[in-house]
There are 2 protein chains.
Amino acid sequence: MDIEDLRTFVEVADAGGVTPASRRLGISKSMVSRRLVRLEAELSVQLLARTTRGAALTEAGATFREYAARVVSEIDVARETVLPAGELRGRLRVAAPLSFGPTHFAPVLADMAARHPELHIHSCYTDRFVDLISEGYDCAIRVGMLPDSNLIARRIGPLTEDMWRRRPISRNMGHPKRPKSS
Amino acid sequence: MDIEDLRTFVEVADAGGVTPASRRLGISKSMVSRRLVRLEAELSVQLLARTTRGAALTEAGATFREYAARVVSEIDVARETVLPAGELRGRLRVAAPLSFGPTHFAPVLADMAARHPELHIHSCYTDRFVDLISEGYDCAIRVGMLPDSNLIARRIGPLTEDMWRRRPISRNMGHPKRPKSS
DNA sequence: CGCCATTACGCCTATCGTAATCATA
DNA sequence: TATGATTACGATAGGCGTAATGGCG
C-alpha cells in the first residue's frame, strides 16, 4: 500500500471529487481515479460512492479516512523530524502568468532549483486567475492590482506609476496557513 | 512511499539484519535490501548502519523506527477495522416498500440486528422510488420489475408466474459500478 | 573459506499522462 | 451541453527473483 494512495484518498474525500483533488495534488485525474481503485481493491472495500458529479464517503470510507489522515500526517512529521534542516527541501508549487512567467520568472526558478537539489519546483504558467487554495498552489506570481482577499501578498517587483496612481497594491496574496509543506 | 517499505525497515531493525528479515517477510534478500535503499533515498537519510555482519540503527533510524512502527500498526488496525472479517459491523441503511417492508422485511432485519450487535440498521419504509445514491442508502428492497440502471440487483424472493410471463427480472439494483463492496 | 549484504541481469508488470468514452445535472 | 469520472493506450520506469560480486570474521 502506497502512502500517496492514502494521501490521494484523503484529498478526494476532503475535496469532494476526483477532479478538484487532482488539481490540488498536481497529478492527472486518471491517476487519482486509479489510486482510489487500487486502494479499494487492496482493502476489498468501497471507500467512496462515486456519482458522475463527485464522490461521497461510504461508512467504511469515513472510518478509514480517519486512519489514513493520521497516517499521512504521521509520515509527514516523521520526514520532517528525521531530515536535518538548513537546506531547502520538498515540493514547491508556484503559478505565474503566461505572459510573464516563462520569460522573467523561469530563469530565477531554474537557478533556485540548481542551488537546492532537494527542492522540487512545480511551476504552472497560465493567464487564468488560479485559485491557490483549491488548486493546491503554495504561491503565485501576479502582475497588477489584486482584489482584496485573505491571502498574503508580498511585492517583489517595482510599482509603476500607472499602478500606483490607481490605488495602493493589496498586501494579500499567497497561501494561508500551511506555507511550506515538509 | 510504500507501507511495505516501512514494514520491511522495522522488520530489519528488529531482526538485526537483512537475511533474517527476508525470511520473516517471505521475500528475497535483494528486495529487502532494495527497499531499504529506496526508503533511505526518499528520506535522504541513512537509517541503518550496515556492516557485512548485520545492520544496526543509526540515530535517525531509531527515531524513524518509532514512526514507522506506529504507522504500520495503524494501517493494520485500519485494515482490520474496515474489513468486516466475519462479524458484521457498521451502519446499514436500507429502504423498502411501505406495502411490503413492515410486514415481511422488518422481522428479518430485527433478527439480523439481534445476531450482529455491532450492526446498526437504519430502515426506511416508503413507496416512493428512492434514489439510492443521492439519499445515501446502501441498498433497497424492490418488488416487481426494475428499470434498467447501473445498480446491482439480486433476487431474494420467488418469481411469480405473472412476473415471469412479462419478462425476466432485471439484475440491476443496489450500488453503482464497483459491483461488490466489502 | 563462509556468511552476509549488495548489485547486475532479464522478465514482466505497473505507472503515468493523454485522449477517448460515458454518464449526469 | 458542460462537467466530472472512468478507461483504453503506448511509452517508460520499476518490481521481482536468481545469480554473480564484494567485504569482513
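Computation of the quantities below employed the complete heavy-atom set of this structure, encompassing side-chain atoms and omitting hydrogens, waters and symmetry-equivalent molecules. Order of the sequence lines sets the chain letters (A, B, ...), proteins ahead of strands, with each chain counted from 1.
The side-chain heavy atoms of A/Asp76 and A/Arg7, taken from C-beta on, include a pair separated by under 4.5 Å. The shortest side-chain heavy-atom distance between B/Leu47 and B/Leu36 does not fall under the 4.5 Å cut-off.
Of the residues near DNA chain C, B/Ala55 and A/Ser28, the one whose nearest nucleotide (by heavy atom distance) lies more toward the 5' end is B/Ala55. Heavy-atom distances to DNA chain C give each of B/Arg23 and B/Ser30 a nearest nucleotide, and the one nearer the 5′ end belongs to B/Arg23.
Between B/Arg79 and B/Glu74 no salt bridge is recorded (no basic side-chain N to carboxylate O distance below 4.0 Å). The pair A/Arg35-A/Glu4 does not count as a salt bridge, with every side-chain nitrogen at least 4.0 angstrom from each carboxylate oxygen.
What separates CD of B/Gln46 from P of C/dA5 is a distance of 15 Å, to the nearest Å. Taking atom CG on B/Leu36 and atom P on C/dT6, their separation rounds to 7 Å, with Å as the unit. The CG atom of A/Asp2 sits 13 Å away from the C1' atom of D/dG14 (whole-angstrom rounding). Regarding A/Met31, its CE atom lies at a distance of 17 Å from the P atom of C/dA19, rounded to whole Å. Atoms CD (B/Glu40) and C1' (C/dA5) sit 13 Å apart, rounded to a whole Å. Look at CZ on A/Arg50: it is 9 Å from C1' on D/dT6, rounded to the nearest Å. Atom CG in B/Leu25 sits about 12 Å away from atom P in D/dC16, given to the nearest Å. Distance A/His122 NE2 to C/dG17 C1': 13 Å, rounded to the nearest Å.
The two residues B/Thr58 and B/Gln46 make their nearest non-hydrogen contact at OG1-O, 2.8 Å. Across all non-hydrogen atoms, the minimal contact from A/Pro97 to A/Tyr125 is O-CD2, 4.3 Å.
Donor-acceptor pairing under 3.5 Å is lacking for the side chains of A/Thr19 and A/Arg23.
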Where protein sits on nucleotides 20-25 of chain D, one letter per nucleotide: B base, S sugar-phosphate only, - none, heavy atoms under 4.0 Å
---SS-
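Judged by atom type and distance alone, B/Arg34 does not reach the base of D/dG14 through any side-chain donor-acceptor pair under 3.5 Å.
Residue A/Ser33 has a polar side-chain atom (N or O) positioned under 4.0 Å from OP1 or OP2 of D/dT6.
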